[in-house]
Structure formats: structure tokens, C-alpha cells
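Worksheet for the structure shown next.
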Protein chains: 2
Amino acid sequence: MGGQPGFRMTPQRQAVLDAVRDAPEHLTADEVYARVRAELPRISLGTVYRSLEELVHRGLIGRVQGGGAQRRYDRSTDVHCHARCLACGRVDDTDVEGVDLRKLVASRVPGYRVVGCGIELVGYCPRCVKAGHAEPRG
Amino acid sequence: MGGQPGFRMTPQRQAVLDAVRDAPEHLTADEVYARVRAELPRISLGTVYRSLEELVHRGLIGRVQGGGAQRRYDRSTDVHCHARCLACGRVDDTDVEGVDLRKLVASRVPGYRVVGCGIELVGYCPRCVKAGHAEPRG
DNA sequence: CTAGCTGCAAAGTGTTTGCGGCTTA
DNA sequence: TAAGCCGCAAACACTTTGCAGCTAG
């Protein structure tokens with residue numbers, strides 16, 4: 001647990017890590033920024049971006065593969081499936097029946113060296129369905 | 001087949017459609033732009049973006065779900081899997097054993113209305129493996 | 001002392017949009 | 001003629017980066 005040389009878990013990084021870990025869904029950098037500012041009002045957006053990438057690089061958080069416009073971050077670094085809302089962009093974890101994720105990660109693509117995978121279901125989240133937003137972008 | 005009211009298949013749109021259909025891999029807007037300019041040197045990047053979105057909207061091409069920075073476009077609108085290269089960003093079609101795509105599209109996520117899905121394998125493409133680029137971003 | 005980190009602001013990258021003019025049904 | 005489209009350039013949204021000062025080891 002001693003960490004790695006030259007890496008400091010500063011208050012800023014801890015706050016970013018906590019924000020990602022405490023969120024039930026997967027946050028964008030902006031959303032992390034908003035949450036962290038409650039605790040550290042002088043933190044900059046640049047620091048949030050740098051911290052997120054650093055934490056991904058250290059394996060402490062994951063980055064969501066899925067294809068929304070914005071990048072999202074994930075408290076889990078395990079392979080799992082995501083559900084993404086086309087109306088509001090929200091991303092949640094989910095399960096998919098009949099898909100063996102371990103097998104999937106072990107998939108072979110001719111000539112490729114495969115190192116990971118992502119499954120994404122796209123649709124409309126409960127909130128947007130109820131709000132009648134179940135149409136793409138208006 | 002008759003097309004829809006108020007939609008014109010202009011030379012620009014045809015060229016964009018052809019570029020997407022003729023490419024073995026999935027192109028970014030920029031790559032489409034470069035190809036189309038060979039034929040229509042005065043076309044603008046804005047027109048390429050507008051045409052691509054229009055063609056997606058008409059169901060003539062697909063948009064790649066996967067999570068690269070740039071959006072990519074796909075000659076097929078069917079559900080299928082993609083392999084994405086972490087080094088060069090290239091996206092190819094691929095197959096995955098043991099995954100029933102029809103079942104996957106029919107997946108249920110509690111509360112969600114699911115309308116599509118994407119499976120993406122990430123790794124390093126043959127060219128980048130051979131070139132020794134099989135490390136993320138340098 | 002010095003490697004590492006931060007806030008700030010400017011620069012990048014990829015995409016969208018407003019507008020005047022052109023084109024085609 | 002009018003609806004639709006185009007090229008151009010400016011505007012946008014998100015992310016990255018250069019820099020000077022601060023901080024912890």
C-alpha cells in the first residue's frame with residue numbers, strides 16, 4: 001500500500017478520488033470538479049483533469065469506454081457493462097445476461113493484441129423516460 | 001427506396017456516403033473530408049459533418065459507439081463488434097465468439113429503455129504491434 | 001534543496017452553427 | 001419562387017499544456 005516513488009496523494013487528488021468513488025453513476029470531469037469544489041473551492045479544472053488521468057494511470061479508478069461525447073470516470077477498474085442514456089448522457093453500471101465477460105476480454109481479433117473490452121447498452125434512463133425525453137436530443 | 005421529402009442526395013452527400021462505404025475501416029470526419037476532397041476540392045469540413053449526421057439520421061450509415069476521442073462512421077448499420085487500436089485510434093469490425101448479439105440488443109436494464117448496444121475490444125492493431133507501438137500513447 | 005504539485009490562463013482539438021448566396025424541384 | 005443546401009468563418013465544448021510559485025520529503 002506504500003504507493004509508488006514520486007507520487008503524492010495530495011488533498012486535491014484524494015478529493016477527486018473520493019468524488020469518483022462516492023458517486024453512484026459515472027462522472028465527467030466537470031461533475032467531479034463541481035463536487036470537489038465544495039471541499040476545495042480553489043481547485044482548478046486543470047488539476048481535476050490531471051488528477052483523474054493520474055489516478056487512472058495508477059489503477060485507482062477506471063475510465064469509461066463508452067461513446068458519449070465526454071469522458072467519464074469509474075470507481076471500478078474491473079470489466080463490467082455500462083448503460084448510457086442518449087438523452088442526458090448519464091452512465092450506469094449494469095449486468096448483461098448470457099455474456100461471459102472473462103471470455104470476452106480473452107477474445108482474439110486477428111492480428112490485434114487485445115488488452116480490454118467494453119460493452120455498452122444505449123437507451124434512455126429511468127428519469128428521462130419518465131420525463132418524456134425518450135427521443136434523441138430533443 | 002424513393003427517399004424522403006425534402007432530402008436531396010447532392011454530389012457532396014453522395015461523395016461522403018461513398019467514402020464511408022468504400023473504407024475498409026471506420027473513418028473520422030477528418031478522414032472522410034480528406035478522401036472527399038480528392039473528388040470535390042471545394043467541399044467544406046462543415047458540410048462533411050452535416051452530411052455525416054444527415055446520413056446517420058436517414059439510416060444510410062452508422063455511427064461507431066466506441067470510446068475514442070473522435071467520432072467514427074460505419075458503412076454498416078447492423079449491430080456488430082469493433083476492435084479499436086489504442087495507439088493509432090483505428091477501428092475495425094470484428095467478431096466475438098460466444099456472444100449472441102441479438103440477445104445482447106434485447107438486454108434489459110432496470111428502468112431503462114434500451115435501443116442499441118456496442119461491444120468494443122481495445123488493444124493494438126497489427127500495424128502498430130509490428131511497429132512496436134504497442135504501448136499506450138508513447 | 002528539489003522533485004512534484006497547484007492555480008491560472010492560453011492553446012488545442014474536434015464539432016456545431018449563423019449567414020449570405022446558390023441550386024434545384 | 002421557395003425549400004434546401006453549400007462554403008466560409010466564427011463560435012463552442014471539452015481537454016491539454018506552459019509557467020511561475022508553493023510544498024512536502
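Order of the sequence lines sets the chain letters (A, B, ...), proteins ahead of strands, with each chain counted from 1.
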Check: Where along residues 22-51 of chain A does a heavy atom fall under 4.0 Å from DNA chain C?
Finding: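 The stretch gives R42(A), I43(A), S44(A), T47(A), R50(A) as the residues lying under 4.0 Å from the strand, ordered by number.
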Note to self: Restricting to non-hydrogen atoms, name the atom on L27(A) and the atom on A19(A) that form the minimum distance, rounded to 0.1 Å.
What the structure shows: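 That closest heavy-atom pairing would be CD1-O, 3.6 Å.
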Nearest whole Å is fine: how far is [N] [atom2] from [X] [atom1]?
| X | N | atom1 | atom2 | value |
| --- | --- | --- | --- | --- |
| E54(A) | dG4(C) | CD | C1' | 10 Å |
| L52(A) | dT6(C) | CG | P | 12 Å |
| M9(B) | dA25(C) | CE | P | 14 Å |
| Q70(B) | dT15(C) | CD | C1' | 10 Å |
| R13(B) | dT23(C) | CZ | C1' | 13 Å |
| F7(B) | dT24(C) | CZ | P | 15 Å |
| Q12(A) | dC8(C) | CD | C1' | 14 Å |
| E53(B) | dT17(C) | CD | C1' | 13 Å |

So does [X] get a side-chain nitrogen or oxygen closer than 4.0 Å to the phosphate oxygens (OP1/OP2) of [N]?
| X | N | value |
| --- | --- | --- |
| R71(A) | dG14(C) | no |
| R72(B) | dT15(C) | no |
| T10(A) | dT6(C) | yes |

Checklist line | Candidate nucleotides dT23(D), dA3(D), dT16(D), ranked by approach to the side chain of R8(A) - the nearest | finding: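 Closest of the options to the side chain of R8(A): dT23(D).
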[X]: partners by side chain to side chain donor-acceptor pair (under 3.5 Å), with sequence neighbours left out:
| X | value |
| --- | --- |
| T47(A) | S44(A) |
| Q14(B) | D18(B) |
| E25(A) | none |
| Y112(A) | D92(B) |

Next item on the list: State, yes or no, whether a side-chain contact exists between C88(A) and C125(A) at a heavy-atom distance under 4.5 Å.
Entry: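 Of all side-chain heavy-atom pairs linking C125(A) with C88(A), at least one is under 4.5 Å.
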Checklist line | Inter- and intrachain pairs under ring-ring contact (aromatic ring centres under 6.0 Å, His included), touching residues 12-48 of chain B, at least two apart | finding: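 ring-ring contact (aromatic ring centres under 6.0 Å, His included) check on residues 12-48 of chain B returns H26(B)-H82(B).
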